[in-house]
Every structure is written in C-alpha cells, then in structure tokens.
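In what follows, a structure is listed as structure tokens, so that the remarks can point back to it.
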Amino acid sequence: MTLSASAPLPQPGILDIAPYTVGESKADGANAITKLSSNENPLGPSPAATDAVRAAAEHLAIYPSADHLALRQAIGDVHELDPAQIVCGAGSDEIISLLCQAYAGPGCEVLHTEHGFAMYPISARAAGATPVSVPERTRVADVDALLGAVTEATTMLFLANPNNPTGTILPGAEVARLAEELPKHVMLVLDGAYAEYVQDFDAGRALVDAHQNVVMTRTFSKIYGLGGLRVGWCYAPDAVVDVLHRIRGPFNVSAAGLLAAEAAVRDVSWTAHCCAENAHWRLWMTEKLRDMGLAVDDSHANFVLPRFAYPTQAQAADAALRAQGIIVRQVAGYGLPAFLRITIGDEVACRRVISILRDFLAGQGT
Ligand SMILES: Cc1ncc(COP(=O)(O)O)c(C=O)c1O
C-alpha cells in the first residue's frame, strides 16, 4: 500500500478501465434524430407496461418490493422457470457486475469472446480480475479456442448468444459442448439479451438445469422496450442465487421497473409482434445491404453489421447517415473498424438508412 498517496487511490485495475461508450443520441446540425445506436425497440414497450408506469407514478414515495416476487413469478410463468431460481437486477449489466464481484477477483481470469459485449471486461476489471479476450472464427464464438484458453486461474466465461455486436449465434450443440467440457470451477454465463429475437430458443435454460456452473442472463431493455427503466434478470443454480441475494442491494430494481417489466413479460402477443416486425425488417435490411455489395453476416438479433471496404469508408458512411439525423454505432472499439452496427428501426428508419447508404456508395463510385 502507498502510504504517501495524497488522495484516495482506487483498487488495482480500476484505472485500466476505459469507460463504456454508450450509443450516441445527438448529431450536430440535425433537427430530427433517429437513434439506431443502442439496439432499442423502435415499437417501444407493451402499452400495458406504459400503463403500469403511469400507475406507479402515484406511489413514488414508497420503496419497491425487495424480493421482486411478482416479477419473478411473471417471468417464471411465461418462461416456465422456477421463480426461486430467478434474480432481478438494474439491467442485466448489474447482474453481470454482481456475478463478477462474487466469482472473480484479483488473480482470477475472466474469459470473453473477441467481439464480445464490452461490459464483460469492464466488470471483470472492476472486480480486480483480468479479462482475457479469446479469438472468434469469422465473428462466431469458437468453443475449442474458449476451452483452450481456460487456465487454473479462470473463474468465469461470458458468452452472449446471439452476440452483440456481431449478431451471430453459436449453435445449441456447440454451447452444450462448451458447458459439458468446461471445468466445473469455471462459471459459464450465457447472456441472452437478444434471446427473444430467436425462434424456439431456450437461451441456455436447459444447461442451467443440467450444470451447477451455468447461469443465463436476460434483459427487459431489448425486445421489451424498457431500456430506460433498467431491469434485467438471471436464471441460476440455487447456490448462485443465494450468493447474488447476499450482495445485491435490497431495492436494486425500482417500483416502476418491476411493475412495467411484469406487464411487459406477460404481454406475449406484443413480444411476438415485435419479434415478427424485427425479423421482417432485418431480412429486408440484410438483402438491401447485400444488394449494394456490402457483406453482412446473418443476424439473429435486432441489428445488422454491414462491412465496408475499409475503416475510413465505414466512418464516412456513418457521417453521411449522421448528416441526415441517423445515428448508428461505430464498432472499432470491438475490433471491427470497417463495420457499422445498425439497429433495426421501424419501416421509415430502415428505408431511410438504405436510401442514404445507396447514395453514399454511389458517390464513392462503388
Ligand atoms: C449482450 C448484451 N448483454 C447485456 C446488455 C445489457 O443490457 P441491460 O443492462 O440494459 O439489461 C446488453 C446491452 O446492450 C447487451 O448487448
């Protein structure tokens, strides 16, 4: 310890963290903005969720439920899960952070995939652990590489499936092989933030039931359209649930968030409608982008990731969209400098993106 420090010092590793870059929401000079930079649902939440927030506004002085029982029961009913194995958090970001706090620390290694979600290394470092990036195979997680990267020091492995920002999915059999072959002291966190966009997909629920070291995280920020309220959850083995309840704040999810999420998860027809709309416009966008000569992997989420000829062309395309008030996401920080991640917006937004990019590429002589 440095006794002579003239000011309090953060724990080792904290100053190595580059703060998370959020999707931008402003563009200089543009009046009307279309934000396609944070994978939000363009259709918004279920009307029942909005009504729940209005009702919650009448009781703002009262602390929320500390056991989240009504929300856990609603999630359990809809997803056929035991509510006792569900823990709710302020977004799945909080769940990721709590898991790292509990299962990683100084001397521990936390594995994540090469183009994995940025909060994994941030949360690992915040806990004092060392994040380890594991190469993917053409933007898809590589199970052999992940297993090969495990050392005695490894305590956690994060895998988003589908992944952000690539939109790619690792087939179920490969995820099952990873869970099977991973040493039992390593926690496998299957991040299902985009799970609802995939048909007939359990996002790892059966693997949680089969293995004591597998946890599935989920969010209300994507298809449920409640990013502004910060609600996420995980489904985990009993021992992990017990640990998370010991370290989470008792009132970590707001009353409005709990009520809105409960209404949202029960409105399965709204969720199905959002899923169908997203699938329709995602396919349309993918085809139009490919028609322009841009390479696009099949996306299983609510965004697409076109590849431009070179990084400066991606930046120029971003600027062309921004000049028309459309904000997408540069992903150089994810090791993908020639790509742009574009959230699937509503029909108007999708058509505008394609028209602007078509004009942009025509101007480039492509
Ligand atoms: C893969 C993945 N996991 C987790 C999150 C965090 O979501 P939230 O904290 O809003 O639940 C995101 C948000 O973009 C994400 O893309």
Side-chain angles (χ1 to χ4, degrees), residues 19-25 35-42 44-45 49 68 71 75 86-100 110-124 126 131 133 136 139-141 156-170 175 188-198 201 203-204 215-235 244 248 252-254 257-258 260-261 264-265 278 299-305 327-331 333-334 336 341-344:
Y20 184 85
T21 311
V22 299
E24 290 178 56
S25 52
K35 185 175 175 230
L36 303 177
S37 55
S38 297
N39 301 338
E40 293 145 333
N41 181 347
H68 313 146
L71 175 57
I75 295 169
I86 294 170
V87 180
C88 302
S92 48
D93 277 349
E94 188 192 20
I95 303 283
I96 292 165
S97 163
L98 291 173
L99 287 169
C100 285
V110 175
L111 307 186
H112 61 87
T113 56
E114 182 183 356
H115 306 301
F117 181 49
M119 285 309 296
Y120 309 147
I122 288 177
S123 299
S133 173
E136 298 177 9
R139 295 173 299 285
V140 182
M156 304 183 78
L157 191 171
F158 282 94
L159 175 72
N161 207 31
N163 185 50
N164 170 25
T166 57
T168 57
I169 195 164
L170 188 65
V175 184
L188 172 60
V189 183
L190 297 173
D191 181 337
Y194 301 94
E196 293 82 5
Y197 293 104
V198 186
F201 179 54
V215 173
M216 170 181 74
T217 61
R218 304 286 284 265
T219 182
F220 280 93
S221 303
K222 304 304 172 186
I223 207 162
Y224 294 109
L226 294 175
L229 283 180
R230 315 303 303 127
V231 192
W233 55 281
C234 71
Y235 177 64
L244 294 178
R248 74 173 173 86
N252 59 333
V253 186
S254 71
L258 288 169
V265 75
N278 180 72
S299 169
H300 299 265
N302 64 340
F303 52 86
V304 286
L305 187 78
I327 305 181
V328 301
R329 185 72 157 255
Q330 290 196 23
V331 280
Y334 282 92
L336 297 162
R341 193 194 68 191
I342 307 174
T343 301
I344 304 300

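All ligand and atom numbering here is 1-based and tracks the order in the structure.
In terms of protein heavy-atom proximity, atom 11 (O) of ligand 1 is closest to T219 OG1, 2.5 Å. Nearest protein neighbour of atom 9 (O) of ligand 1, counting heavy atoms only, is R230 NH2, 2.8 Å. Scanning all protein heavy atoms for the shortest distance to atom 2 (C) of ligand 1 gives D191 OD2, 3.4 Å. Looking from atom 7 (O) of ligand 1 to the surrounding protein, the closest heavy atom is S92 OG, 3.3 Å.
With hydrogens and angles left out, the side-chain atoms of S133 and E114 include no donor and acceptor closer than 3.5 Å. Looking only at atom types and distance, the side chain of N302 has a donor-acceptor partner in the side chain of Y197 under 3.5 Å away.
Under the 4.0 angstrom criterion for non-hydrogen atoms, G232 is not in contact with ligand 1. In this structure, Y194 is part of the shell of residues with a heavy atom less than 4.0 angstrom from ligand 1.
For the side chain to side chain donor-acceptor pair (under 3.5 Å) test, no residue two or more places apart in sequence or in another chain qualifies with D93.
From L190, atom CG reaches atom CG of L188 across 4.0 Å, with rounding to the nearest 0.5 Å.
Counting the atoms of ligand 1 from 1 in the order shown, those under 4.0 Å from a heavy atom of K222 are 13 (C), 14 (O).
When non-hydrogen atoms are compared, ligand 1 lies under 4.0 Å from the backbone of D93 as well as from its side chain.
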